[in-house]
Amino acid sequence: ADIRDIDAVRHISADAYGPYENEIGFVPLPAREDYKPRILRGEVWLIEARREKVGLAVIEVRSDHLLLYSLAVRPDHQRQGYGLKLMAFADERAAVLGLQEIRLFTNALMERNLAVYRRWGFVETGRRVHPTREGHSLIE
């Protein structure tokens, strides 16, 4: 993504994460984050379908791993394989950079996400208290 994509990035994130408010009781941070700094750092990657931006991955490069900070697909394009393509892209980026591990975290109440990540081969390595939401935990 580049700075010209800022509106698309914001809309994809808001559309994808907004529905979680009903499940977990609040709108997750990626739905309302300021993506400009991440775009300028080269952390945001978009996927298109028929010339329309339909999903994104936010990938942070760390010294010993990639952090998949966010993976979002617009609701009207979910269950069509775009999320899996974005996860495969993260795998490819890690390989190109010589990193052998990809990490992510998600709210423990986001069962759909957990199921997808488990199918992709992610394993839970720990749980921690959500830093800003009392009574919630994050799975790593």
So how far is it from [X] [atom1] to [Y] [atom2], rounded to the nearest 0.5 Å?
{"X": "Leu66", "Y": "Ile59", "atom1": "CG", "atom2": "CD1", "result": "6.0 Å"}
{"X": "Arg4", "Y": "Asp2", "atom1": "CZ", "atom2": "CG", "result": "4.0 Å"}
{"X": "His77", "Y": "Glu48", "atom1": "NE2", "atom2": "CD", "result": "11.0 Å"}
{"X": "Ile39", "Y": "Asp5", "atom1": "CD1", "atom2": "CG", "result": "6.5 Å"}
{"X": "Asn113", "Y": "Thr106", "atom1": "CG", "atom2": "OG1", "result": "4.5 Å"}
{"X": "Glu21", "Y": "Glu23", "atom1": "CD", "atom2": "CD", "result": "11.5 Å"}

Least distance between heavy atoms, [X] atom then [Y] atom:
{"X": "Pro75", "Y": "Ala16", "value": "CD-N, 4.0 Å"}
{"X": "Leu46", "Y": "Ala1", "value": "CD1-CB, 3.7 Å"}
{"X": "Val27", "Y": "Ala31", "value": "CG1-CB, 3.2 Å"}
{"X": "Leu68", "Y": "Met87", "value": "CD2-CG, 4.4 Å"}

Holding to side-chain hydrogen bond (donor to acceptor under 3.5 Å, both in side chains), I want the full list of residues that pass it with Arg41, two or more places apart in sequence or in another chain.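 For Arg41, the residues satisfying side-chain hydrogen bond (donor to acceptor under 3.5 Å, both in side chains) (neighbours in sequence not counted) are Glu43.
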Answer with yes or no whether the hydrophobic clustering places [X] together with [Y]; edges join I, L, V, M, F, W, Y residues whose side-chain heavy atoms lie under 4.5 Å apart.
{"X": "Leu86", "Y": "Val61", "value": "yes"}
{"X": "Val44", "Y": "Ile47", "value": "no"}
{"X": "Val54", "Y": "Trp45", "value": "yes"}
{"X": "Val58", "Y": "Phe105", "value": "yes"}
{"X": "Phe89", "Y": "Leu71", "value": "yes"}

Are Arg74 and Asp76 close enough for a salt bridge, meaning some N to O gap below 4.0 Å?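 Salt bridge: yes.
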Side chains of Tyr69 and Glu33, heavy atoms from C-beta outward: is any pair under 4.5 Å?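 Side-chain contact under 4.5 Å: yes.
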Should Met110 and Tyr117 count as side-chain neighbours, where that means a heavy-atom distance under 4.5 Å?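 No. Closest side-chain heavy atoms not under 4.5 Å.
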Is the side chain of Tyr35 donor-acceptor paired with the backbone N or O of Pro30 at a distance under 3.5 Å, no angle test?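 Looks like yes, one N/O pair under 3.5 Å.
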Please check this pair: side chain of Gln78 against backbone of Val73, looking for a donor-acceptor N/O pair closer than 3.5 Å.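 At least one qualifying donor-acceptor pair exists.
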Under the rule for ring pair (Phe, Tyr, Trp, His ring centres under 6.0 Å), what residues qualify as partners of Phe26, not counting sequence neighbours?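 Only His130, His136 meet the ring pair (Phe, Tyr, Trp, His ring centres under 6.0 Å) criterion with Phe26.
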Test: salt bridge (Lys or Arg N to Asp or Glu O under 4.0 Å). Region: residues 94-108. Which pairs qualify, not counting sequence neighbours?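 Of all non-adjacent pairs touching residues 94-108, those that pass salt bridge (Lys or Arg N to Asp or Glu O under 4.0 Å) are Asp64-Arg103, Glu101-Arg103.
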Among Leu104, Ile102, Asp91, find the one that has a side chain to side chain contact (heavy atoms under 4.5 Å, CB included) with Trp120.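 Answer after filtering Leu104, Ile102, Asp91: Asp91.
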